[in-house]
Amino acid sequence: MKKIFATCAMLLLCVAVYAQQRNLSALFSYSTFYLPVENQPYVETYLLFDASSLGFVKTDGGRYRATVEVTMVYKSGEDIVFAKKYDLNSPTTASPDDNRFSFLDLQRVGLKNGIYSLELTLRDKSKNDAGTSLFQRVNIAYEKKRPSMSSLQLMSTVTPTASENILSRGGYDMEPYVEDEIPANIDIMNVYFEVYNIKKEVFSKPFTTYVFVEDRTTGRRMDKVGSETQHDADNLVRVFSPLDISQLPSGDYNLVVEVHNRNNDNLLYKRLPFHRTKPSLVNSVEPSMYDGTFASRITDENLLNYYLDALYPIASDDELTFIREVIKSNDNIKEKQAFLYKFWSNRYDVQQAETKWNEYRGWLEYVDAHYSYPRTKGYRTDRGRVYLQYGPPDYIRDEKNFVSTRYLDAGSAAHVDLSAMGTSLGHVYYLPYQLWRYNYLPTDSPNRVFIFWDEFRSGWYRLLNSNAKGEVQEAMWERRLSQQQLPENAIGEVGEQFERGY
């Protein structure tokens, strides 16, 4: 049976959500696109169902199939702007037990620019229940006179189009890859995206797209995984870029796309997170020499697995690969104990290894107590990762409903009279955020600052911007935090807080 992963990857234009009600399981994601000639944005939604989680019913023809009732409702505020209810049928099978497959549903809906709430209700029609609902925020922002880029979409299959259908794009049928887990048996990652209105920026001159992969934790660009393609400018440019990831080891990565003009100025930028699983041969650790250490006193294998997994913020790529492999094995407690000890003794002398481990374990208990989220341990959140990687911050500013009546001009320390600019913002309302300052980081300059934001007011804080090396650096971060209320390139009151570190 093909496993449906319950991973949730939150990004501006691509979100994965796991739905489970009794046995029904499905993976959902969406992308946004744009028709520049018609000035019409649209949303594509993808539902990938695990057929083995559904009930199969005998049809009149003697075969079996499952049916899911799907209800889709888009709202702008309290107003319903689009609604649809339909029955989605699985492929038919000769037996109700012949269900080890997945099947995909793709829908397209044209919507205006704006922020929408999407509610999807899924009900297995073989069961007498109300089904389960998924709620997703959808942000659409395409401008008629400015260059922009669609969502980044991975494709599972790409074949020449024989006859036009809903999967057809630019002469090819492309079936979306909905999961954010790229397993070892996939060596080519098919990337698709569209560039709009680039001609207004570069006129008739060619432009270049760069597609590459970076390590999500360090921001390091991965060698030998990428493509560089030159294109002629047009209102709509479709880009299909297959990437060879056969040598990409297990890890958490970002797929990154940049659009440059002929002067190599970066005009557009977008990224999509994914996880790669690529088992490799790892030399085992000799257990006997670590008997009697602090690691050997941890005799609960589940607890050991937890401690090993929680090393991910500070482990190297090779160590992470080993950890993922060794956690999968049972009755292997000696090797796990040995690795835990060697991890710390490789970094510190024998006397310090246990002290440093106990310090880290204390931090781990703190982040799990304060930063955990449903189905996500604290050390797997952005705040938890930063805390464990750099230690406790020297200063935290926590704002739930910050409101400002002023902003600073970009590059200026003087306050600007909004009326002189011919506009008036009134109050600027910021989404919940936390500002963390580190007075000193060993490999960086003093006073490094991190901004975490709660984009959906759900308690899920993500890293929005930082001036630390290898961390997220978002040019328009404050405009996003202020819900687009600030003008572009303006520095507001929270931007001032970021610059001074409090």
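Index from 1, following the sequence.
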message = Take a 6.0 Å sphere around CD of Q247 and say whether it holds more than 12 heavy atoms from other residues, nucleotides or ligands.
response = no

ask   = Name the one of V213, L255, D244 that satisfies side chain to side chain contact (heavy atoms under 4.5 Å, CB included) with V225?
value = V213

message = Working note: F343 + W357, criterion ring-ring contact (aromatic ring centres under 6.0 Å, His included); need CA distance, chi angles, decisive distance, verdict.
response = CA-CA 9 Å; F343 181 91; W357 157 244; 9.0 Å; no

query = Ignoring hydrogens and geometry, is there a side-chain-to-backbone donor-acceptor pair from T381 to G384 under 3.5 Å?
reply = yes

key: Sub-4.5 Å side-chain heavy-atom contact between Y64 and D97   = no

task = Verify, without hydrogens or angle tests, whether S482 (side chain) and R479 (backbone) share a donor-acceptor contact under 3.5 angstrom.
result = yes

task = Please name all residues satisfying side-chain contact (heavy atoms from CB on, under 4.5 Å) with T121, sequence neighbours left out, ordered by chain then number.
result = T71, E119, S133

key: Beyond-backbone contact of P147 with L267, side-chain heavy atoms, under 4.5 angstrom   = no

task = Indicate whether the side chain of N99 and that of S52 have a donor and an acceptor atom separated by less than 3.5 Å.
result = no

message = Quick check for you: to the nearest 0.5 Å, what is the distance between S151 atom OG and Y30 atom OH?
response = 7.0 Å

inquiry  = Restricting to non-hydrogen atoms, name the atom on P183 and the atom on Y177 that form the minimum distance, rounded to 0.1 Å.
reply    = CD-OH, 3.4 Å

query = Can you name the nearest heavy-atom pair linking G378 to S372, along with the distance?
reply = N-OG, 3.0 Å

query = Can you find a pair of side-chain heavy atoms, one from V109 and one from Y74, that are under 4.5 Å apart?
reply = yes

Any donor-acceptor N/O pair, N266 side chain to E258 backbone, under 3.5 Å = no

ask   = Quick one: does N165's side chain have a donor or acceptor within less than 3.5 Å of a partner on S163's backbone?
value = yes

ask   = Is the backbone of I245 close enough, under 3.5 Å, to the side chain of R276 for a donor and an acceptor to pair up by distance?
value = yes

With sequence neighbours excluded, residues passing side-chain contact (heavy atoms from CB on, under 4.5 Å) with Q473 = N465

note = Correct closest heavy-atom pair for N401 and R457 would be OD1-NH1, 3.5 Å

key: K84 charged N/C atom sitting above Y86 aromatic ring, 6.0 Å / 45°   = yes

query = How would you list, by chain and number, every residue that makes a side chain to side chain donor-acceptor pair (under 3.5 Å) with T209, sequence neighbours excluded?
reply = H231

ask   = Are the side chain of S31 and the backbone of Q153 linked by a donor-acceptor contact shorter than 3.5 Å?
value = no

inquiry  = Once salt bridge (charged side-chain N to carboxylate O under 4.0 Å, His left out) is applied, what residue pairs with a partner in residues 298-314 remain, sequence neighbours excluded?
reply    = E301-K336, D309-R380

message = Measuring only between side-chain heavy atoms, which start at C-beta, is W477 closer than 4.5 Å to V472?
response = no

ask   = What distance do F322 atom CZ and I327 atom CD1 have between them, rounded to the nearest 0.5 Å?
value = 10.0 Å

ask   = Listed by chain and number, what are the side-chain contact (heavy atoms from CB on, under 4.5 Å) partners of E228, not counting sequence neighbours?
value = T208, Y210

ask   = For Y429, what residues pass the ring pair (Phe, Tyr, Trp, His ring centres under 6.0 Å) criterion, not counting sequence neighbours?
value = none

Y371-W436 aromatic ring centre distance below 6.0 Å = yes

note = Looking only at heavy atoms, the pair that brings A310 and Y360 closest together is O-OH, 2.6 Å

request  = In sequence, state the C-alpha distance, the side-chain angles, and the governing distance for Q483 and L431, and then conclude on side chain to side chain contact (heavy atoms under 4.5 Å, CB included).
outcome  = CA-CA 7 Å; Q483 304 171 85; L431 290 165; 3.7 Å; yes

remark   = For K270 and L152, the nearest pair of non-hydrogen atoms, with its separation, is O-CD1, 3.7 Å

inquiry  = Using a strict threshold of under 4.0 Å (side-chain N to carboxylate O), is an ion pair present between E319 and K342?
reply    = no

inquiry  = Atom NZ of residue position K400 - does it have more than 12 heavy atoms of other residues, nucleotides or ligands inside 6.0 Å?
reply    = yes

task = Check whether any side-chain heavy atom of L122 lies under 4.5 Å from a side-chain heavy atom of V70, and answer yes or no.
result = yes

query = Donor-acceptor pair, Y142 side chain versus T32 backbone, under 3.5 Å?
reply = yes

inquiry  = Ring centres under 6.0 Å, that's the criterion: do Y390 and F450 meet it?
reply    = yes

query = Hey, is the main chain of Q434 close enough, under 3.5 Å, to the side chain of D398 for a donor-acceptor pair?
reply = no

Within 6.0 Å of CG in D232, more than 12 heavy atoms from elsewhere = no

ask   = Would you say the side-chain atoms of D50 and S102 include a donor-acceptor pair closer than 3.5 Å?
value = no

query = For R238, what residues pass the salt bridge (Lys or Arg N to Asp or Glu O under 4.0 Å) criterion, not counting sequence neighbours?
reply = E194

ask   = Does the side chain of S296 reach to within under 4.5 Å of the side chain of Y341, using non-hydrogen atoms?
value = no

inquiry  = With salt bridge (charged side-chain N to carboxylate O under 4.0 Å, His left out) as the rule and sequence neighbours excluded, what pairs involving residues 26-46 come up?
reply    = E44-R108, E44-R169

task = Would you kindly say whether N39 and Y34 are connected by a side-chain donor-acceptor distance under 3.5 Å?
result = yes

Residues in side chain to side chain donor-acceptor pair (under 3.5 Å) contact with Y253, at least two apart in sequence or another chain = none

request  = Please identify each residue that fulfils side-chain contact (heavy atoms from CB on, under 4.5 Å) with V158, with sequence neighbours left out.
outcome  = M155, Y172, M174, N190, F240

inquiry  = Does any part of the side chain of Y307, heavy atoms only, come nearer than 4.5 Å to the side chain of L303, both counted from C-beta?
reply    = yes

remark   = Residues D180 and P273: closest non-hydrogen pair is CB-O, 4.2 Å

query = Is a donor on one side and an acceptor on the other found under 3.5 Å between the side chain of R137 and the backbone of E455?
reply = yes

D105 CG to L120 CG distance, which is reported to the nearest 0.5 Å = 9.5 Å

inquiry  = Suppose we screen for side chain to side chain donor-acceptor pair (under 3.5 Å). Which residues come up paired with S148, at least two apart in sequence or across chains?
reply    = none

request  = Could you check if a side-chain atom of T45 sits within less than 4.5 angstrom of a side-chain atom of Q136, using non-hydrogen atoms only?
outcome  = no

Donor-acceptor contact present, side-chain D454 to main-chain G459, <3.5 Å = yes

message = Measuring from atom CG of D124 to atom CG of L24, what distance do you get when rounded to the nearest 0.5 angstrom?
response = 6.0 Å

inquiry  = Rounded at 0.5 Å granularity, tell me how far OG1 in T277 sits from CG in N185.
reply    = 10.0 Å

ask   = How about R361: does its CZ atom have over 12 heavy atoms from other parts shown lying under 6.0 Å from it?
value = yes

query = Only one of F452, Y366, Y379, Y461 clears ring-ring contact (aromatic ring centres under 6.0 Å, His included) with Y387; which?
reply = Y366

query = Taking only residues two or more places apart in sequence or in another chain, which ones pass side chain to side chain donor-acceptor pair (under 3.5 Å) with R221?
reply = none

